[in-house]
Amino acid sequence: LNQVMGLNLTVENIAALEARTEGWIAGLQLAALSMQGHASRDVASFIQSFTGAHHFVLDYLLEEVLHQQPENVQAFLLRTSILNRLCGSLCDAVLLDPSVSGQETLESLERANLFVVSLDNERHWYRYHHLFGDLLRQRQGQSLKPEEIAKYHIRASEWYEQNGEEAEAFQHAVAAKDFNRAAGLVEKFWQGM
């Protein structure tokens, strides 16, 4: 890609771009198209700013990926994008929708190669591809009300607290702007945090 498109990227730039796109070939191609015409000194800053909010990536992921999904899958993706990592029971706790199984949905997303990365061999923990996660969080801010997003953060905070992950519980309480909850968690778990 570097040679064919005449990008003249350094080894460091290639490594940074590969890390940013996580090897996603279409993402690499979109980045390469965007980089053409950039001065070589601007390439490093471009690669740092290349996220799911970049217009080529945004357009591609919206049209070819997100909008092709059924409404219930789109809702799952948007609502769980508040999470850095996902597991079935955490998704269930955040969504509170008995008609949707978090674990089954995550496994289905992985089978469909829908930008979900398994974090362990047991297929318990997952995360969204970085560029896809960026897109989901941007769309979430446009599609959901701040109070609704805060509600999901509170549910995540409660799940993390119940599962002994106090630091994550605290972070979600702060993200929800529930400072009383955050202070209570610090008081309760300050030694472990």
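Small disclaimer: the values here were computed from a predicted structure and weren't measured.
By the 4.0 Å N-to-carboxylate-O rule, Asp120 lies too far from Arg123 to be salt-bridged with it.
Going from atom OG of Ser143 over to atom CD of Glu148 covers 9.5 Å, rounded to the nearest 0.5 Å. Once rounded to the nearest 0.5 Å, the distance linking OG of Ser81 with OH of Tyr128 reads 7.0 Å. Between atom NE2 of residue His124 and atom OG of residue Ser118 there is a gap of 10.5 Å, rounded to the nearest 0.5 Å. Atom-to-atom distance recorded for Leu86:CG and Phe76:CZ is 6.5 Å, nearest 0.5 angstrom. Summarising the geometry, atom CG belonging to Leu83 is positioned 9.0 Å from atom CH2 belonging to Trp159; distances are rounded to the nearest 0.5 Å. With rounding to the nearest 0.5 angstrom, the CZ atom of Arg155 is 6.0 Å from the OH atom of Tyr152.
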How far apart are the C-alpha atoms of Cys91 and Leu106, what are their side-chain angles, what is the distance that settles it, and do they pass the side-chain contact (heavy atoms from CB on, under 4.5 Å) test? CA-CA 9 Å; Cys91 292; Leu106 290 169; 4.1 Å; yes
Run Leu109 and Leu77 through side-chain contact (heavy atoms from CB on, under 4.5 Å) and show every step you take. CA-CA 10 Å; Leu109 293 172; Leu77 293 167; 3.8 Å; yes
Please walk me through it: do Ser108 and Val73 pass side-chain contact (heavy atoms from CB on, under 4.5 Å)? CA-CA 10 Å; Ser108 173; Val73 172; over 6 Å; no
Given the rule in the side-chain contact (heavy atoms from CB on, under 4.5 Å) test, do Tyr126 and Gln103 qualify, once you have shown the distances and angles that lead to the verdict? CA-CA 10 Å; Tyr126 296 85; Gln103 188 63 36; 4.1 Å; yes
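When hydrophobic clusters are built by joining Ile, Leu, Val, Met, Phe, Trp and Tyr residues whose side-chain heavy atoms come closer than 4.5 Å, directly or via intermediates, Ile154 is not grouped with Ile82. In terms of hydrophobic clustering, with Ile, Leu, Val, Met, Phe, Trp and Tyr side chains grouped at heavy-atom distances under 4.5 Å, Leu119 and Val94 are assigned to a common cluster.
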Distance-only donor-acceptor pairs under 3.5 Å for side chains of residues 171-179, two or more places apart:
from	atom 1	to	atom 2	distance (Å)
His172	ND1	His153	ND1	2.9
Asp178	OD1	Arg181	N	3.0

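Partners of Glu165 under the side chain to side chain donor-acceptor pair (under 3.5 Å) rule, at least two apart in sequence or in another chain, are Arg85. Not counting sequence neighbours, Glu158 has no partner by the salt bridge (Lys or Arg N to Asp or Glu O under 4.0 Å) test.
In this structure the side chain of Ser157 reaches within 4.5 angstrom of the side chain of Leu185, judged on heavy atoms.
For the residue pair Arg139 / Gln142, a side-chain donor-acceptor distance below 3.5 Å is found, with atom types taken as modelled.
The closest donor-acceptor contact from the side chain of Gln69 to the backbone of Gln74 lies at 3.5 Å or more, if one exists at all.
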